[in-house]
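Sequence positions, counted from 1, serve as the residue numbers for this chain. All ligand and atom numbering here is 1-based and tracks the order in the structure.
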Amino acid sequence: MDLGIRGKRALVCASSKGLGRGCAEALAEAGVDLVMNARGAEALEAAAEEIRARHRVKVVAVAGDITSDAGRAAVLAHGPFDILVTNAGGPPPGMWSDWTREDFIKALDANMLTPIALMQAVLPGMMARGWGRVVNITSVSVKAPVSVLGLSNSARAGLTGFVAGTSRQVAGKGVTINNLLPGIHATDRAVALDMAVVKARGISMEEAIAERAATIPAGRYGTPAEFGAACAFLCSQHAGFIVGQNILLDGGATNTTL
Ligand code: NAP
């Protein structure tokens, strides 16, 4: 399917690896020019070079912390953007009774206030031009809480509320905002979560992965490529009537009817 977005420009945040990288790859495959971002310059430049070579699109790599004012200003200086994919590292696991106000502020900054600031920066231009696509990478924890990820549960719920209202305010100008909710995908983040289980339970990594995969009806972890393809579709010309949705990509792991 031709996604109809060849020649558009996208900002894909936190995209040197994992799900952000999957989104960058899929958009590049559709002919979209990219601004990619991550903190580590070396991995970011390597990812940008691979994508340039594979898909023959323009890729600008901007190293920096997207959760900081300076990091956001650095990427936004490369606008305007037709497409925005927001993403950042997830907060660490822990215990509800241990988190301090500072822990919450950090999580809110990374997973709620940063995507909101980026949307506030790019939405006016998209609306003025009459076309835009925003996809926020959130988490399965929006639909079903992951108890040890209380910081994530809280911050992402706030972002979800913002998107629910704002998406309806901008849709009339040809701009859609939707959230993609990853369940377990095979990325460094999943390795870190599985490693915590290995340490806590004294089992092998293979056992930890097999146990987790057995809780997913699809019987396996998702891949960044699958995730990226869903993102690219939401950014396509065909997705203009999908507004303010929270789409689970979890292999059926969340046992809900709706
Ligand atoms: P990942 O494999 O660890 O990759 C994270 C990417 O983001 C890397 O490119 C990293 O590069 C970059 N990054 C992290 N923090 C950043 C920051 N502050 N500023 C700029 N770039 C940053 O993670 P992932 O699995 O793709 O996860 C992406 C998001 O989805 C996270 O919020 C995660 O919590 C959420 N999620 C993932 C899963 C899963 O199973 N993978 C499930 C549910 C939710 P640098 O380190 O060099 O900055």
Side-chain angles (χ1 to χ4, degrees), residues 11-26 34-48 50-51 61-76 85-94 106-115 117-118 135-146 148-157 159-160 179-197 208-209 212-213 215-216 218 220-228 230-231 246-251 253-254:
L11 167 57
V12 186
C13 304
S15 55
S16 66
K17 298 178 190 167
L19 304 181
R21 168 80 185 259
C23 295
E25 287 275 356
L34 303 175
V35 172
M36 293 174 66
N37 150 266
R39 291 163 303 182
E42 204 175 316
L44 177 65
E45 195 43 64
E50 275 179 45
I51 290 177
V62 183
D65 185 342
I66 199 66
T67 69
S68 71
D69 289 342
R72 284 190 296 277
V75 292
L76 290 169
V85 180
T86 75
N87 186 28
K106 209 170 163 199
L108 291 171
D109 259 340
N111 300 116
M112 177 184 170
L113 299 177
T114 287
L118 290 166
V135 174
N136 300 294
I137 300 179
T138 67
S139 172
V140 64
S141 70
V142 169
K143 290 258 188 198
V146 181
V148 294
L149 294 177
L151 293 171
S152 171
N153 299 339
S154 307
R156 298 189 199 277
L159 174 62
T160 305
N179 302 324
L180 278 179
L181 283 52
I184 291 295
H185 284 70
T187 69
D188 289 357
R189 169 83 170 166
V191 171
L193 293 174
D194 287 333
M195 191 54 80
V197 174
I209 291 171
R212 198 189 294 274
T215 68
I216 303 170
R220 61 173 178 86
Y221 291 9
T223 68
E226 289 171 313
F227 191 90
C231 175
N246 292 283
I247 299 170
L248 259 182
L249 296 175
D250 72 345
T254 308

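Of the polar atoms of Ala190, none of the N or O atoms is found under 3.5 Å from an N or O of ligand 1, judged by distance alone. Between Leu19 and ligand 1, at least one pair of N/O atoms sits closer than 3.5 Å. Any N or O atom pair closer than 3.5 Å counts here, and Gly183 shares at least one such pair with ligand 1. Geometrically, ligand 1 and Gly89 share a nitrogen or oxygen pair separated by less than 3.5 Å. Close N/O approach between Gly20 and ligand 1 is not found [any backbone or side-chain N/O within under 3.5 Å]. Geometrically, ligand 1 and Ile66 share a nitrogen or oxygen pair separated by less than 3.5 Å. In terms of N/O distances under 3.5 Å, ligand 1 is approached by His185. Looking at ligand 1, you'll find an N or O of Thr187 within less than 3.5 Å of one of its N or O atoms.
In this structure, atom 9 (O) of ligand 1 lies nearest to the protein heavy atom Ser16 OG, 2.6 Å. For atom 36 (N) of ligand 1, the closest heavy atom belonging to the protein is Pro182 CG, 3.8 Å. At the shortest separation from atom 3 (O) of ligand 1 among protein heavy atoms lies Arg189 N, 3.7 Å. Shortest contact from atom 29 (C) of ligand 1 to any protein heavy atom: Asn87 OD1, 3.2 Å. The closest protein non-hydrogen atom to atom 18 (N) of ligand 1 is Asp65 OD1, 2.8 Å. Protein heavy atom in closest approach to atom 33 (C) of ligand 1: Arg156 NH2, 3.7 Å. The single protein non-hydrogen atom nearest to atom 12 (C) of ligand 1 is Ala14 CB, 3.6 Å, given as residue, atom name and distance. Looking from atom 5 (C) of ligand 1 to the surrounding protein, the closest heavy atom is Lys17 O, 4.6 Å.
Taking CG of Leu11 as the reference point, atom CE of Met36 lies at 11.0 Å (rounded to 0.5 Å). Rounding to the nearest 0.5 Å places CG of Asn136 at 9.0 Å from CG of Leu180. In this structure, Ile66 CD1 and Cys13 SG are separated by 4.0 Å, a value rounded to the nearest 0.5 Å. How far OG of Ser141 is from CG of Leu181: 7.5 Å, rounded to the nearest 0.5 Å.
Remark: ligand 1 atoms within the under-4.0 Å shell around heavy atoms of Thr67 are 18 (N). Close approach to Ile137 involves these atoms of ligand 1, each under 4.0 Å from a residue heavy atom: 30 (O). Of all the atoms in ligand 1, the ones that sit under 4.0 Å from a non-hydrogen atom of Ser139 are 43 (C), 44 (C). The Gly90 neighbourhood of ligand 1 comprises atoms 31 (C), 32 (O), 34 (O), with distances under 4.0 Å to a heavy atom of that residue. Contact atoms of ligand 1 toward Gly64: 19 (N), 20 (C) (distance under 4.0 Å to a heavy atom of the residue). Interface of Asn37 with ligand 1, defined as ligand atoms under 4.0 Å from a residue heavy atom, comprises 20 (C), 21 (N).
Taking 4.0 Å as the cut-off, Thr138 counts as a neighbour of ligand 1 on heavy-atom distance. Within the structure, the closest approach of Ser152 to ligand 1 does not fall below 4.0 Å when heavy atoms are considered. Taking 4.0 Å as the cut-off, Ala88 counts as a neighbour of ligand 1 on heavy-atom distance. Not a single heavy atom of Val140 sits closer than 4.0 Å to an atom of ligand 1.
With Arg21, Arg72, Met36, Arg39 as candidates, the residue nearest to atom 14 (C) of ligand 1 on a non-hydrogen basis is Arg39.
The minimum heavy-atom distance linking Leu149 with Pro93 is given by the pair CD2-CA, 3.7 Å. Among all heavy-atom pairs drawn from Ala26 and Gly228, the shortest one is CB-O, 3.2 Å. Smallest separation of non-hydrogen atoms from Pro91 and Asn111: CD-OD1, 3.1 Å. Closest approach of Ile137 and Arg156 over heavy atoms only: O-NH1, 3.7 Å. Looking at every heavy atom in both residues, Ser15 comes nearest to Ala24 through CB-CB, 4.4 Å. Shown here for Tyr221 and Ala190, the closest heavy-atom pair between the two residues is CE2-CB, 4.3 Å.
Residue Pro182 forms a side-chain contact (heavy atoms from CB on, under 4.5 Å) with just one option from Leu19, Leu249, Val140, Ile247, and that option is Leu19.
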Show your working on side-chain contact (heavy atoms from CB on, under 4.5 Å) between Lys17 and Thr187 and close with a plain yes or no. CA-CA 8 Å; Lys17 298 178 190 167; Thr187 69; over 6 Å; no
Intermediate values then yes/no, side-chain contact (heavy atoms from CB on, under 4.5 Å), Asn87 and Val12: CA-CA 8 Å; Asn87 186 28; Val12 186; over 6 Å; no
For the pair Val142 and Asn179, evaluate side-chain contact (heavy atoms from CB on, under 4.5 Å) and give the outcome as yes or no after the intermediate values. CA-CA 10 Å; Val142 169; Asn179 302 324; over 6 Å; no
Should Thr86 and Thr114 be marked as a side-chain contact (heavy atoms from CB on, under 4.5 Å) after you check the CA-CA gap, both sets of side-chain angles, and the distance that decides it? CA-CA 8 Å; Thr86 75; Thr114 287; over 6 Å; no
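Atom 31 (C) of ligand 1 is flagged as protein-proximal [any protein heavy atom, distance under 4.0 Å].
Checked by atom type and distance alone, the side chain of Asn37 pairs as donor or acceptor with a backbone atom of Ala14 at under 3.5 Å.
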